[in-house]
Amino acid sequence: MSAKITDARFEQDNERILGDIRDRKPVLWLNDHHIPFKNLKGQLDVSVLDIKDAEARLKRFAPFIQTVFEDTKALDGLIESPISEISDFKSTLEDVYEFSFPGKFLLKRDDLLPIAGTIKARGAIYEVLHHAEALAFEEGLLNSYEDDYTQFASPAFQDFFKQYTVVVGTTGNLGISSGVMSAKIGFNVQVHMSHEAKQWKKDYLRSHGVQVFEHKTNFTEAVNKGRQAAETDPYAYFIDDEHSIQLFLGYTTAGSRVKQQLIDQDIVVDEDHPLMVYLPCGVGGSPGGVTYGLKQIYGDNVHCFFAQPTHVPSMLLGLISQKFAEISVYDFGIDGLTVMDGLAVPRTSQIVAELMQNIFNGGYTLTDEEANRMLSTLKDVEDIFVEPAATAGLVGPERLFNTEAGRKYLEAHDLTDKIDNMTHIAWATGGSMVPEDEQELFYQNGLKAK
Ligand SMILES: *Cc1c(COP(=O)(O)O)cnc(C)c1O
């Protein structure tokens, strides 16, 4: 970035916030390197054209996807989830934290995404398809974007892809999304799992013909193991959660989908009607990509906040310290252990942190206890189960309206007289595939946390 003129409209004591993060206290940090999006356009490494290209690729594959995944037929092969209002949850949140906020509170139901039941489906499935398409063109199996993509289900295509392997390192969910789609294409699949990966995820993948390697290490190490395995095999392709631009692009396509869904619900987003979005953040790819897609559409009329566990504040540390992926939560004496297993990533993604540093609006942390409590509350009042990681966005409005930093943010962005017109979206990033007995355990933990 040439001009480093930032948009910091507030005083913020980063040293104190780092102290609180070290003490594992919940914080709200405002991005003091934010630059108005209109000033950034044109200087960014990922362009609108890249996003359009990704959207077009997903459309080309839609006929194939609906052929092989029954649950995508309703949307003609698009992998998308509903957005629904959670007004009962909103009232309960206001009661529990003793505050109130006007406007609609919506839940983006990526827990219901077809094929994988987590937000990872957006990025991982896209990357697998991108790779498969490139190989098919190289081999001459495809000659034009107009060709019939249902051929990917044919024996000729499947035989061809059998020679190739897709490798991935993951805390679990990325393995499911990339593993299931890769297996459908015909690829061999190797998934390298870190210590928090749940047994049911390993069983599920194995039942889909995926080779699972269990590592007793953290996420970063599992990713390294996967990367090494792929490097020694010329037929292997590594989906790199920490460095992949294709994953990122897959996530960005959520922007235009959300736009259409809000139009369909008569929800206006403009300068007088801001949209506030709260996104669970692990390595940063999914919240980063979604934010990027939304900012391309709404500019700074959308405000995006990233949510992390108090025990795994990796993106916050990377951005506050400006050390990005050079710093891990362990460097801060934080253990990286959390019930929010999808967010258990000790080090942020370098490319996402760099892309996000001038774009996203802030980040906050929440405790495991809060996550547990949100999980059982959502189940009780809305009859919706989401996995622990997916609860992180649910406390977002509380951070914005019930903390000093939040009030500072609203003032600095001239939002105080627009709060009646705001729409809030918590992104529920996963849950529908969690087995029922595990759901019950999580739910019981939440009841205990009350
Ligand atoms: C991976 C994941 C996230 C976070 O996505 P990142 O790209 O790692 O930031 C959030 N929720 C769930 C359920 C996940 O699996």
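Just so you know, ligand 1 is whichever comes first in the structure, and atom 1 is the first atom listed for that ligand. Only a predicted model underlies this, so the values are computations on that prediction, with no experimental measurement involved.
Across F105 and P397, no two heavy atoms sit closer than the pair CZ-CG, 3.8 Å.
A cation-pi arrangement is absent between K259 and Y298 under the rule of less than 6.0 angstrom and at most 45 degrees off the ring axis. Geometrically, R227 does not engage F238 in a cation-pi contact defined by less than 6.0 Å to the ring centre and at most 45° from the axis.
By the 3.5 Å distance cut-off applied to N or O atoms, V283 is counted among the residues near ligand 1. In terms of polar-atom proximity, defined here as any N/O pair under 3.5 Å, G282 does make such a contact with ligand 1. Checked by distance only, ligand 1 and T429 come closer than 3.5 Å through their nitrogen or oxygen atoms. At a 3.5 angstrom cut-off on N or O pairs, A389 does not count as close to ligand 1. For the pair D241 and ligand 1, the shortest N or O to N or O distance does not fall below 3.5 Å. For a threshold of 3.5 Å applied to N or O pairs, the pair formed by G284 and ligand 1 contains at least one separation below that value. Residue N173 places at least one N or O, backbone or side chain, under 3.5 Å from an N or O of ligand 1.
With sequence neighbours left out, the ring-ring contact (aromatic ring centres under 6.0 Å, His included) criterion links F213 to H192.
For ligand 1, the atoms lying closer than 4.0 Å to a non-hydrogen atom of C281 are 9 (O).
With no hydrogens or angles considered, a side-chain donor-acceptor pair links E127 and Y237 at under 3.5 Å. Using a 3.5 Å distance cut-off with no hydrogens or angles, the side chains of Q261 and K108 do pair a donor with an acceptor.
Not less than 6.0 angstrom separates the ring centroid of H34 from the ring centroid of Y409.
The closest protein non-hydrogen atom to atom 7 (O) of ligand 1 is S286 N, 2.8 Å. Of all protein heavy atoms, the one closest to atom 2 (C) of ligand 1 is K120 NZ, 2.3 Å.
With a 4.0 Å heavy-atom cut-off, ligand 1 is reached by the side chain of L343 but not by its N, CA, C or O.
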>> I17 vs L316, test: side-chain contact (heavy atoms from CB on, under 4.5 Å). Steps then yes/no.
In response: CA-CA 10 Å; I17 293 176; L316 282 179; over 6 Å; no
